[in-house]
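Note on naming: letters A, B, ... go to the chains in the order of the sequence lines (proteins, then strands), and numbering restarts at 1 for each one.
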Protein chains: 2
Amino acid sequence: MPSPDRDARDATHRFIEFLKQKRLKQTQQRMDVLRKLLSLQTHVNAEELFHALRKENPSIGYSTVYRTLKLLTECGIAKENQFGDRITRYESSFNRKHHDHIVCVECNEIYEFENEQIETLQREVAKNLGFQMLDHKLEIYGICKLCLRSKESL
Amino acid sequence: MPSPDRDARDATHRFIEFLKQKRLKQTQQRMDVLRKLLSLQTHVNAEELFHALRKENPSIGYSTVYRTLKLLTECGIAKENQFGDRITRYESSFNRKHHDHIVCVECNEIYEFENEQIETLQREVAKNLGFQMLDHKLEIYGICKLCLRSKESL
DNA sequence: ATTTCTGCAAATAATTTGCAACATC
DNA sequence: GATGTTGCAAATTATTTGCAGAAAT
(Lines give C-alpha, C1' and ligand atoms only; values in the text may rest on other atoms or scores of the structure.)
Protein backbone atom coordinates (compact mmCIF):
# COMPACT_ATOMS: atom_id res chain seq x y z
CA MET A 1 0.00 0.00 0.00
CA PRO A 2 1.26 3.51 -0.81
CA SER A 3 2.02 5.83 2.10
CA PRO A 4 3.09 9.48 2.04
CA ASP A 5 6.52 8.57 3.42
CA ARG A 6 6.98 5.84 0.89
CA ASP A 7 5.95 8.18 -1.95
CA ALA A 8 8.37 10.83 -0.73
CA ARG A 9 11.23 8.35 -0.77
CA ASP A 10 10.29 7.09 -4.21
CA ALA A 11 9.96 10.60 -5.61
CA THR A 12 13.35 11.51 -4.18
CA HIS A 13 14.81 8.43 -5.76
CA ARG A 14 13.33 9.29 -9.11
CA PHE A 15 14.68 12.83 -8.93
CA ILE A 16 18.18 11.60 -8.13
CA GLU A 17 18.08 9.18 -11.06
CA PHE A 18 16.79 11.93 -13.32
CA LEU A 19 19.65 14.22 -12.34
CA LYS A 20 22.23 11.50 -12.82
CA GLN A 21 20.90 10.61 -16.24
CA LYS A 22 21.01 14.24 -17.35
CA ARG A 23 24.47 14.69 -15.84
CA LEU A 24 23.12 17.32 -13.48
CA LYS A 25 24.25 17.69 -9.92
CA GLN A 26 22.50 16.61 -6.77
CA THR A 27 22.66 19.73 -4.67
CA GLN A 28 21.38 20.62 -1.25
CA GLN A 29 19.03 23.25 -2.66
CA ARG A 30 17.48 20.93 -5.22
CA MET A 31 16.74 18.35 -2.56
CA ASP A 32 15.36 21.06 -0.30
CA VAL A 33 12.89 22.25 -2.94
CA LEU A 34 11.75 18.70 -3.58
CA ARG A 35 11.31 17.94 0.12
CA LYS A 36 9.37 21.12 0.71
CA LEU A 37 7.08 20.62 -2.28
CA LEU A 38 6.30 17.07 -1.11
CA SER A 39 5.69 18.14 2.47
CA LEU A 40 3.42 21.09 1.69
CA GLN A 41 0.96 18.76 -0.06
CA THR A 42 -1.00 21.58 -1.68
CA HIS A 43 -1.09 23.89 -4.66
CA VAL A 44 1.75 26.25 -3.89
CA ASN A 45 3.21 29.01 -5.97
CA ALA A 46 6.90 29.80 -6.28
CA GLU A 47 6.65 32.62 -3.77
CA GLU A 48 5.15 30.45 -1.04
CA LEU A 49 7.72 27.77 -1.63
CA PHE A 50 10.51 30.32 -1.60
CA HIS A 51 9.43 31.77 1.75
CA ALA A 52 8.95 28.36 3.33
CA LEU A 53 12.47 27.43 2.20
CA ARG A 54 13.96 30.72 3.39
CA LYS A 55 12.84 29.89 6.92
CA GLU A 56 15.14 26.89 6.95
CA ASN A 57 17.87 28.25 4.74
CA PRO A 58 17.94 32.06 4.55
CA SER A 59 20.36 32.06 1.66
CA ILE A 60 18.30 30.20 -0.92
CA GLY A 61 17.47 32.21 -4.02
CA TYR A 62 14.27 32.74 -5.95
CA SER A 63 15.82 31.56 -9.19
CA THR A 64 16.89 28.28 -7.65
CA VAL A 65 13.31 27.63 -6.65
CA TYR A 66 12.06 28.38 -10.16
CA ARG A 67 14.81 26.39 -11.81
CA THR A 68 14.26 23.38 -9.59
CA LEU A 69 10.50 23.47 -10.14
CA LYS A 70 11.20 23.33 -13.88
CA LEU A 71 13.31 20.21 -13.37
CA LEU A 72 10.73 18.58 -11.12
CA THR A 73 8.05 19.27 -13.69
CA GLU A 74 10.23 17.85 -16.43
CA CYS A 75 10.70 14.57 -14.60
CA GLY A 76 7.03 14.26 -13.66
CA ILE A 77 7.28 14.88 -9.94
CA ALA A 78 5.62 18.28 -10.06
CA LYS A 79 2.74 19.55 -12.14
CA GLU A 80 2.12 23.15 -13.10
CA ASN A 81 -1.33 24.66 -12.82
CA GLN A 82 -2.73 28.01 -13.81
CA PHE A 83 -5.98 29.05 -12.24
CA GLY A 84 -7.52 32.22 -13.61
CA ASP A 85 -4.91 34.55 -12.16
CA ARG A 86 -1.51 34.78 -13.81
CA ILE A 87 0.26 32.76 -11.13
CA THR A 88 1.69 29.31 -11.70
CA ARG A 89 0.94 26.87 -8.91
CA TYR A 90 2.70 23.57 -8.40
CA GLU A 91 1.50 20.33 -6.91
CA SER A 92 3.36 17.08 -6.48
CA SER A 93 2.16 14.66 -9.12
CA PHE A 94 4.27 11.67 -8.22
CA ASN A 95 2.11 8.57 -7.77
CA ARG A 96 -1.00 10.67 -8.14
CA LYS A 97 -3.94 9.97 -10.40
CA HIS A 98 -5.19 12.58 -12.81
CA HIS A 99 -7.70 14.88 -11.16
CA ASP A 100 -9.44 18.15 -11.81
CA HIS A 101 -9.89 21.21 -9.63
CA ILE A 102 -12.76 23.11 -8.14
CA VAL A 103 -11.81 26.52 -6.84
CA CYS A 104 -13.68 28.66 -4.32
CA VAL A 105 -13.65 32.24 -5.53
CA GLU A 106 -14.31 33.55 -2.02
CA CYS A 107 -11.70 31.81 0.12
CA ASN A 108 -9.48 30.71 -2.79
CA GLU A 109 -9.35 27.15 -1.50
CA ILE A 110 -8.63 24.60 -4.21
CA TYR A 111 -10.27 21.19 -3.95
CA GLU A 112 -9.69 18.19 -6.18
CA PHE A 113 -12.09 15.77 -7.76
CA GLU A 114 -12.12 12.90 -10.19
CA ASN A 115 -14.87 11.99 -12.59
CA GLU A 116 -14.31 9.12 -14.95
CA GLN A 117 -17.39 9.91 -17.02
CA ILE A 118 -16.12 13.39 -17.80
CA GLU A 119 -12.73 11.94 -18.73
CA THR A 120 -14.37 9.50 -21.14
CA LEU A 121 -16.46 12.20 -22.75
CA GLN A 122 -13.38 14.36 -23.22
CA ARG A 123 -11.57 11.56 -24.99
CA GLU A 124 -14.60 11.18 -27.26
CA VAL A 125 -14.72 14.88 -28.06
CA ALA A 126 -11.04 14.88 -28.99
CA LYS A 127 -11.44 11.78 -31.12
CA ASN A 128 -14.45 13.14 -32.97
CA LEU A 129 -12.53 16.29 -33.84
CA GLY A 130 -9.60 14.27 -35.14
CA PHE A 131 -7.27 15.31 -32.30
CA GLN A 132 -4.66 13.20 -30.65
CA MET A 133 -5.34 14.19 -27.04
CA LEU A 134 -2.28 14.88 -24.91
CA ASP A 135 -3.64 16.63 -21.86
CA HIS A 136 -6.69 18.37 -20.61
CA LYS A 137 -7.76 20.43 -17.73
CA LEU A 138 -11.01 21.26 -16.15
CA GLU A 139 -11.66 23.84 -13.51
CA ILE A 140 -14.91 24.63 -11.83
CA TYR A 141 -15.23 27.99 -10.08
CA GLY A 142 -17.81 28.62 -7.42
CA ILE A 143 -18.49 29.23 -3.77
CA CYS A 144 -17.71 26.44 -1.38
CA LYS A 145 -19.91 24.97 1.31
CA LEU A 146 -18.13 26.80 4.11
CA CYS A 147 -18.32 30.21 2.47
CA LEU A 148 -21.98 29.71 1.60
CA ARG A 149 -22.70 28.85 5.22
CA SER A 150 -20.93 31.91 6.61
CA LYS A 151 -22.86 34.12 4.18
CA GLU A 152 -26.20 32.66 5.24
CA SER A 153 -25.57 33.41 8.89
CA LEU A 154 -25.31 37.15 8.31
CA MET B 1 -32.06 34.40 -37.63
CA PRO B 2 -28.84 35.87 -36.19
CA SER B 3 -26.23 37.11 -38.63
CA PRO B 4 -22.70 38.36 -37.93
CA ASP B 5 -23.67 41.86 -39.07
CA ARG B 6 -26.74 41.88 -36.93
CA ASP B 7 -24.73 40.70 -33.91
CA ALA B 8 -22.15 43.38 -34.49
CA ARG B 9 -24.82 46.06 -34.54
CA ASP B 10 -26.46 44.69 -31.42
CA ALA B 11 -23.16 44.42 -29.57
CA THR B 12 -22.32 48.00 -30.52
CA HIS B 13 -25.68 49.09 -29.27
CA ARG B 14 -25.19 47.30 -25.98
CA PHE B 15 -21.76 48.87 -25.52
CA ILE B 16 -23.12 52.36 -26.14
CA GLU B 17 -25.91 51.79 -23.62
CA PHE B 18 -23.41 50.44 -21.11
CA LEU B 19 -21.22 53.52 -21.46
CA LYS B 20 -24.18 55.86 -21.14
CA GLN B 21 -25.41 54.13 -18.03
CA LYS B 22 -22.00 54.35 -16.40
CA ARG B 23 -21.59 57.95 -17.48
CA LEU B 24 -18.55 57.03 -19.54
CA LYS B 25 -17.78 58.56 -22.88
CA GLN B 26 -18.31 57.10 -26.30
CA THR B 27 -14.95 57.68 -27.89
CA GLN B 28 -13.50 56.84 -31.27
CA GLN B 29 -10.93 54.50 -29.72
CA ARG B 30 -13.46 52.53 -27.70
CA MET B 31 -15.58 51.95 -30.76
CA ASP B 32 -12.49 50.98 -32.75
CA VAL B 33 -11.51 48.33 -30.22
CA LEU B 34 -15.02 46.90 -30.23
CA ARG B 35 -15.22 46.83 -34.03
CA LYS B 36 -11.84 45.16 -34.33
CA LEU B 37 -12.59 42.54 -31.70
CA LEU B 38 -15.86 41.67 -33.44
CA SER B 39 -14.27 41.52 -36.87
CA LEU B 40 -11.31 39.36 -35.92
CA GLN B 41 -13.67 36.60 -34.77
CA THR B 42 -10.95 34.64 -32.97
CA HIS B 43 -9.09 34.37 -29.71
CA VAL B 44 -6.87 37.42 -29.84
CA ASN B 45 -4.53 38.79 -27.25
CA ALA B 46 -4.09 42.47 -26.46
CA GLU B 47 -0.94 42.67 -28.55
CA GLU B 48 -2.60 41.35 -31.69
CA LEU B 49 -5.51 43.72 -31.26
CA PHE B 50 -3.17 46.62 -30.62
CA HIS B 51 -1.21 45.98 -33.81
CA ALA B 52 -4.34 45.48 -35.90
CA LEU B 53 -5.66 48.78 -34.58
CA ARG B 54 -2.36 50.59 -35.14
CA LYS B 55 -2.61 49.82 -38.85
CA GLU B 56 -5.74 51.93 -39.06
CA ASN B 57 -4.91 54.49 -36.42
CA PRO B 58 -1.18 54.76 -35.67
CA SER B 59 -1.75 56.83 -32.58
CA ILE B 60 -3.79 54.39 -30.52
CA GLY B 61 -2.14 53.35 -27.26
CA TYR B 62 -1.66 49.99 -25.61
CA SER B 63 -3.39 51.10 -22.42
CA THR B 64 -6.49 52.14 -24.29
CA VAL B 65 -6.74 48.66 -25.74
CA TYR B 66 -6.37 47.07 -22.31
CA ARG B 67 -8.78 49.49 -20.69
CA THR B 68 -11.41 49.01 -23.36
CA LEU B 69 -11.10 45.23 -23.20
CA LYS B 70 -11.81 45.49 -19.48
CA LEU B 71 -14.99 47.47 -20.20
CA LEU B 72 -16.09 45.06 -22.92
CA THR B 73 -15.56 42.15 -20.54
CA GLU B 74 -17.51 43.93 -17.85
CA CYS B 75 -20.53 44.41 -20.07
CA GLY B 76 -20.43 40.85 -21.41
CA ILE B 77 -19.33 41.54 -24.97
CA ALA B 78 -15.85 40.07 -24.52
CA LYS B 79 -14.69 37.07 -22.56
CA GLU B 80 -11.19 36.56 -21.19
CA ASN B 81 -9.40 33.26 -21.61
CA GLN B 82 -6.12 31.97 -20.29
CA PHE B 83 -4.63 28.98 -22.06
CA GLY B 84 -1.56 27.47 -20.44
CA ASP B 85 0.75 30.39 -21.26
CA ARG B 86 0.49 33.56 -19.20
CA ILE B 87 -1.31 35.49 -21.95
CA THR B 88 -4.90 36.65 -21.71
CA ARG B 89 -6.87 36.08 -24.88
CA TYR B 90 -10.19 37.68 -25.68
CA GLU B 91 -13.11 36.46 -27.73
CA SER B 92 -16.39 38.15 -28.45
CA SER B 93 -19.05 36.55 -26.32
CA PHE B 94 -22.04 38.55 -27.41
CA ASN B 95 -24.89 36.26 -28.49
CA ARG B 96 -22.62 33.24 -28.13
CA LYS B 97 -23.41 30.07 -26.24
CA HIS B 98 -21.03 28.70 -23.65
CA HIS B 99 -18.36 26.53 -25.23
CA ASP B 100 -15.07 24.93 -24.35
CA HIS B 101 -11.75 24.92 -26.16
CA ILE B 102 -9.47 22.38 -27.71
CA VAL B 103 -6.00 23.69 -28.44
CA CYS B 104 -3.43 22.28 -30.86
CA VAL B 105 -0.04 22.38 -29.18
CA GLU B 106 1.75 22.24 -32.55
CA CYS B 107 0.07 24.99 -34.56
CA ASN B 108 -1.54 26.76 -31.57
CA GLU B 109 -4.90 26.83 -33.31
CA ILE B 110 -7.81 27.04 -30.90
CA TYR B 111 -11.04 25.24 -31.78
CA GLU B 112 -14.31 25.36 -29.92
CA PHE B 113 -16.73 22.64 -28.95
CA GLU B 114 -19.87 22.14 -26.93
CA ASN B 115 -20.86 19.06 -24.99
CA GLU B 116 -24.02 19.16 -22.99
CA GLN B 117 -23.26 15.89 -21.20
CA ILE B 118 -20.00 17.26 -19.82
CA GLU B 119 -21.80 20.40 -18.69
CA THR B 120 -24.37 18.34 -16.83
CA LEU B 121 -21.74 16.21 -15.14
CA GLN B 122 -19.89 19.33 -14.02
CA ARG B 123 -23.02 20.73 -12.44
CA GLU B 124 -23.44 17.41 -10.62
CA VAL B 125 -19.85 17.42 -9.36
CA ALA B 126 -20.24 20.94 -8.01
CA LYS B 127 -23.53 20.09 -6.37
CA ASN B 128 -22.16 16.95 -4.74
CA LEU B 129 -19.28 18.93 -3.26
CA GLY B 130 -21.65 21.53 -1.87
CA PHE B 131 -20.48 24.26 -4.23
CA GLN B 132 -22.56 26.93 -5.82
CA MET B 133 -21.11 26.79 -9.32
CA LEU B 134 -20.39 30.14 -10.97
CA ASP B 135 -18.20 29.31 -13.89
CA HIS B 136 -16.10 26.55 -15.28
CA LYS B 137 -13.63 25.97 -18.01
CA LEU B 138 -12.39 23.00 -19.84
CA GLU B 139 -9.48 22.85 -22.18
CA ILE B 140 -8.25 19.88 -24.12
CA TYR B 141 -4.69 20.00 -25.42
CA GLY B 142 -3.54 17.80 -28.28
CA ILE B 143 -2.44 17.62 -31.88
CA CYS B 144 -4.98 18.54 -34.50
CA LYS B 145 -5.95 16.61 -37.60
CA LEU B 146 -3.91 18.82 -39.92
CA CYS B 147 -0.72 18.64 -37.88
CA LEU B 148 -1.05 14.87 -37.51
CA ARG B 149 -1.41 14.57 -41.27
CA SER B 150 1.65 16.65 -42.03
CA LYS B 151 3.69 14.57 -39.59
CA GLU B 152 2.63 11.31 -41.23
CA SER B 153 3.73 12.43 -44.65
CA LEU B 154 7.35 12.83 -43.58
C1' DA C 1 -17.09 74.18 -18.44
C1' DT C 2 -16.75 69.96 -16.55
C1' DT C 3 -15.65 65.47 -16.58
C1' DT C 4 -13.67 61.71 -18.58
C1' DC C 5 -10.00 59.84 -21.91
C1' DT C 6 -5.95 59.19 -24.21
C1' DG C 7 -1.14 58.06 -25.03
C1' DC C 8 2.97 57.98 -23.07
C1' DA C 9 6.35 56.59 -19.85
C1' DA C 10 7.10 54.60 -15.62
C1' DA C 11 5.49 51.04 -12.30
C1' DT C 12 4.24 46.40 -11.15
C1' DA C 13 4.24 41.36 -10.84
C1' DA C 14 5.76 36.91 -12.10
C1' DT C 15 9.31 34.77 -14.12
C1' DT C 16 13.86 34.33 -16.61
C1' DT C 17 18.68 35.11 -17.51
C1' DG C 18 23.80 36.62 -17.27
C1' DC C 19 27.43 36.21 -14.47
C1' DA C 20 31.08 35.70 -10.86
C1' DA C 21 31.72 32.98 -6.82
C1' DC C 22 30.98 28.36 -5.29
C1' DA C 23 29.76 23.32 -4.80
C1' DT C 24 29.64 18.78 -6.79
C1' DC C 25 31.36 15.25 -9.54
C1' DG D 1 40.13 20.34 -11.77
C1' DA D 2 36.35 20.50 -14.90
C1' DT D 3 31.70 21.31 -15.15
C1' DG D 4 27.43 22.57 -13.43
C1' DT D 5 25.03 25.48 -9.78
C1' DT D 6 23.91 29.19 -6.88
C1' DG D 7 22.29 33.80 -5.51
C1' DC D 8 22.09 38.14 -6.87
C1' DA D 9 20.82 41.87 -9.80
C1' DA D 10 19.25 43.11 -14.08
C1' DA D 11 16.24 41.78 -17.98
C1' DT D 12 11.93 40.27 -19.75
C1' DT D 13 6.91 39.84 -20.46
C1' DA D 14 2.20 40.99 -19.79
C1' DT D 15 -0.37 44.22 -17.74
C1' DT D 16 -1.53 48.44 -14.89
C1' DT D 17 -1.24 53.17 -13.40
C1' DG D 18 -0.12 58.35 -12.95
C1' DC D 19 -0.40 62.23 -15.32
C1' DA D 20 -0.69 66.27 -18.53
C1' DG D 21 -2.82 67.41 -22.66
C1' DA D 22 -6.99 66.28 -25.60
C1' DA D 23 -11.78 65.01 -26.47
C1' DA D 24 -16.60 64.16 -25.33
C1' DT D 25 -20.56 65.62 -22.71
> Under a 4.0 Å threshold between the charged nitrogen and the carboxylate oxygen, would R6(A) count as salt-bridged to D10(A)?
yes

> Would you mind telling me which of E112(A), E116(A), E114(A) makes a salt bridge (charged side-chain N to carboxylate O under 4.0 Å, His left out) with K97(A)?
E114(A)

> Do K36(A) and L49(A) have side chains that get closer than 4.5 Å, going by heavy atoms?
yes

> Nearest nucleotide by nearest heavy atom, which residue falls closer to the 5' end of DNA chain D, P58(A) or L71(A)?
L71(A)

> With a 4.5 Å heavy-atom cut-off, do E74(A) and K70(A) have their side chains touching?
no

> Find out whether K22(B) and L71(B) are in side-chain contact, i.e. whether some heavy atom of one side chain is under 4.5 Å from a heavy atom of the other.
no

> Are any side-chain N or O atoms of Q21(B) and backbone N or O atoms of F18(B), one a donor and one an acceptor, separated by less than 3.5 Å?
no

> Find the distance I60(B):CD1 to dT6(C):C1' and express it as a whole number of Å.
9 Å

> Using heavy atoms to find the nearest nucleotide of DNA chain D for T64(A) and R23(A) separately, return the residue whose nucleotide is more 5′.
R23(A)

> For DNA chain D, which residues in residues 77-89 of chain B have a heavy atom at a distance below 4.0 Å?
R86(B), I87(B), T88(B)

> Side-chain contact test, heavy atoms from C-beta onward, threshold under 4.5 Å: evaluate it for N57(B) versus Q28(B) and give yes or no.
no

> Hey, can you tell me if H101(B) and H99(B) have their rings parallel, tilted or perpendicular (30° and 60° cut-offs)?
perpendicular

> Is the shortest heavy-atom distance from the side chain of Q122(A) to the side chain of K137(A) under 4.5 Å?
no

> Can you find a pair of side-chain heavy atoms, one from T68(B) and one from F15(B), that are under 4.5 Å apart?
yes

> Checking side-chain hydrogen bond (donor to acceptor under 3.5 Å, both in side chains) against D32(B), which of R35(B), Q29(B), R30(B) comes through?
R35(B)

> Let me confirm one number: the NZ-OG distance from K145(B) to S150(B), rounded to the nearest 0.5 Å.
13.5 Å

> Any chance the side chains of E124(A) and N128(A) put a donor and an acceptor closer than 3.5 Å?
no

> Would you check if Q82(A) and F83(B) make a side-chain contact, meaning some heavy-atom pair closer than 4.5 Å?
no

> What range of DNA chain D does chain B touch, first nucleotide to last, counting atoms under 4.0 Å from its heavy atoms?
dA14(D) to dT25(D)

> NA contact type, K20(B), heavy-atom cut-off 4.0 Å: base, sugar-phosphate, or nothing?
nothing

> What contact category does R67(A) fall into here, base, sugar-phosphate, or nothing, at under 4.0 angstrom with non-hydrogen atoms?
base

> All N/O contacts under 3.5 Å from nucleotides 20-25 of chain C to the protein, with atom names and distances to one decimal?
from	atom 1	to	atom 2	distance (Å)
dT24(C)	O2	K25(A)	NZ	3.0
dC25(C)	OP1	Q26(A)	N	3.3

> So what does K70(B) touch, heavy atoms closer than 4.0 Å: a base, only the sugar-phosphate, or nothing?
sugar-phosphate

> Just report the end-to-end axis angle for the helix from dA1(C)-dT25(D) to dC25(C)-dG1(D), five pairs per end, to 10 degrees.
30°

> Any residue in residues 30-50 of chain A with a heavy atom nearer than 4.0 angstrom to DNA chain C? Just list them by number, or reply none.
none

> Does the E152(B) side chain pair with the main chain of R149(B), one donor and one acceptor, at a distance under 3.5 Å?
no

> Between dA14(C) atom P and H51(A) atom NE2, what is the distance in whole Å?
11 Å

> Going by ring pair (Phe, Tyr, Trp, His ring centres under 6.0 Å), name the pairs with one or both residues in residues 104-127 of chain A, residues two or more places apart or in two chains.
Y111(A)-F131(B)

